[in-house]
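Take a look at the structure set out below.
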Amino acid sequence: MSDKVLFRQLFEKESSTYTYILGCKRTKQAVIIDPVDVTVERDAKLLNELGLKLAKAVNTHVHADHVTGTHLLRSHFEELKTGLGSANVAKSDEKFEHRHKIEVGDISLEVRHTPGHTNGCVTYVDHEGGAAFTGDTLLIRGCGRTDFQEGCSKTLYNSVQTQIFSLPEHFSIYPAHDYRGNTSSSVQEEKQFNPRLTKSESEFVGIMGNLGLSYPKMIDKALPWNLNCGVDPS
């Protein structure tokens with residue numbers, strides 16, 4: 001990370017979700033990526049301890065395995081703005097177009113649309129810090145499933161190849177989840193070792209079509225709540 005930015009990676013064990021905090025050391029403003037409802041108190045406490053004021057809470061996509069914490073964070077940071085990629089129909093204060101720049105103090109994140117896991121997936125790229133927050137589009141030695149929420153294996157393959165693997169090879173990869181205890185990877189590592197995305201497009205499509213995954217256990221609650229920015233839609 002840039003020496004201008006304070007960085008924290010946090011973990012939620014039930015959904016194996018990573019939440020990321022980036023804080024501008026100069027202005028004391030911060031961005032949080034992929035917050036989870038059940039860890040909002042933890043995250044808010046840490047932000048306050050670090051002397052940071054949360055300016056933006058953004059998601060990489062509309063999650064199906066947990067409820068976002070974006071709405072609950074408003075009770076701690078009243079001026080907070082929420083954000084998603086512009087292809088999402090979910091509620092948020094801001095919708096980011098492809099190549100939009102999120103600027104918060106000395107934090108600068110380029111929004112790259114990386115659909116495939118869902119239509120609305122984005123990757124947030126910190127060019128100065130050499131990092132990409134890839135959501136479920138690219139996981140460490142894996143990728144998000146493509147069999148629900150309008151997923152498409154060909155689209156995901158193209159997203160990774162053109163929008164993530166095109167980044168400098170030393171850039172760090174920070175995913176939304178990991179189920180094996182890994183915390184980060186790099187563009188170079190994934191281009192070399194990812195067992196799915198080192199294959200041809202046709203081989204990748206075949207792999208994704210035969211994963212035999214079970215129905216997501218949280219989707220029936222998480223999806224309607226997340227379409228409503230983490231608020232009970234009833």
Side-chain angles (χ1 to χ4, degrees), residues 1-2 4-84 90-94 102 104-107 109 121-124 126 129 131-136 139-140 144 172-185 216-219 221-233:
M1 285 293 160
S2 163
K4 301 175 185 177
V5 177
L6 188 154
F7 174 69
R8 293 289 185 273
Q9 181 184 40
L10 303 166
F11 188 66
E12 194 285 302
K13 63 181 181 179
E14 292 303 318
S15 59
S16 297
T17 298
Y18 284 124
T19 295
Y20 301 96
I21 292 173
L22 290 80
C24 172
K25 295 180 180 179
R26 177 178 59 85
T27 65
K28 301 300 183 182
Q29 291 187 301
V31 177
I32 194 167
I33 300 172
D34 288 338
V36 181
D37 62 341
V38 297
T39 51
V40 160
E41 296 301 318
R42 175 203 67 185
D43 300 346
K45 182 175 183 287
L46 177 59
L47 285 157
N48 287 322
E49 288 175 345
L50 297 174
L52 297 172
K53 182 178 180 180
L54 192 59
K56 292 187 185 294
V58 301
N59 282 291
T60 52
H61 62 293
V62 176
H63 304 276
D65 52 10
H66 67 267
V67 174
T68 179
T70 49
H71 173 69
L72 292 176
L73 283 164
R74 293 186 195 276
S75 63
H76 297 276
F77 305 96
E78 293 181 359
E79 297 180 6
L80 171 70
K81 299 294 184 184
T82 63
L84 280 166
K91 290 182 181 178
S92 65
D93 296 321
E94 300 176 290
I102 300 171
V104 175
D106 294 328
I107 301 164
L109 296 173
C121 285
V122 299
T123 291
Y124 298 109
D126 177 358
F133 301 92
T134 56
D136 285 18
L139 305 177
I140 298 170
S172 296
I173 298 296
Y174 291 105
H177 303 281
D178 189 82
Y179 308 98
R180 297 185 296 270
N182 300 302
T183 56
S184 66
S185 184
K217 64 180 181 179
M218 276 288 293
I219 191 171
K221 176 181 179 180
L223 195 54
W225 281 59
N226 290 337
L227 289 169
N228 201 36
C229 200
V231 181
D232 185 350

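Residues take their numbers from the sequence shown, with the count starting at 1. FYI, side chains are in, hydrogens and waters are out, and symmetry mates aren't considered; it's all heavy atoms of this structure.
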Subject >> Partner of Asp106 by side chain to side chain donor-acceptor pair (under 3.5 Å), out of Arg26, Lys4, Lys25 >> reply: Arg26
Subject >> Arg42 and Glu12: CA distance, side-chain angles, deciding distance, salt bridge (Lys or Arg N to Asp or Glu O under 4.0 Å) verdict >> reply: CA-CA 10 Å; Arg42 175 203 67 185; Glu12 194 285 302; over 6 Å; no
Subject >> Thr68 and Asn59: side chain donor to acceptor below 3.5 Å >> reply: yes
Any donor-acceptor pair under 3.5 Å from [X] side chain to [Y] backbone:
{"X": "Tyr174", "Y": "Thr19", "value": "no"}
{"X": "Arg180", "Y": "Ile140", "value": "yes"}
{"X": "Tyr20", "Y": "Ala176", "value": "no"}

Original post:
Looking at residues at least two apart in the chain, or sitting in another chain, which of them share a ring pair (Phe, Tyr, Trp, His ring centres under 6.0 Å) with Tyr18?
Top reply: Phe11
Original post:
Below 4.0 angstrom, N of the basic side chain to O of the carboxylate: do Arg74 and Asp93 qualify?
Top reply: yes
Original post:
Looking at Lys56 and Glu94, does any basic side-chain N land under 4.0 Å from a carboxylate oxygen?
Top reply: yes
**OP:** Might you work through the salt bridge (Lys or Arg N to Asp or Glu O under 4.0 Å) test for Lys45 and Glu49, ending with a clear yes or no?
**Re:** CA-CA 6 Å; Lys45 182 175 183 287; Glu49 288 175 345; 2.6 Å; yes
Original post:
Do Thr39 and Val36 come close enough that some side-chain heavy atom pair is under 4.5 Å?
Top reply: yes
**OP:** For Leu223, check side chain to side chain contact (heavy atoms under 4.5 Å, CB included) against everything at least two apart and list the hits.
**Re:** Val62, Gln149, Ile219, Leu227
Original post:
Taking the inter-plane angle between the rings of His177 and His66 on a 0 to 90° scale, is it parallel (under 30°), tilted (30 to 60°) or perpendicular (over 60°)?
Top reply: perpendicular
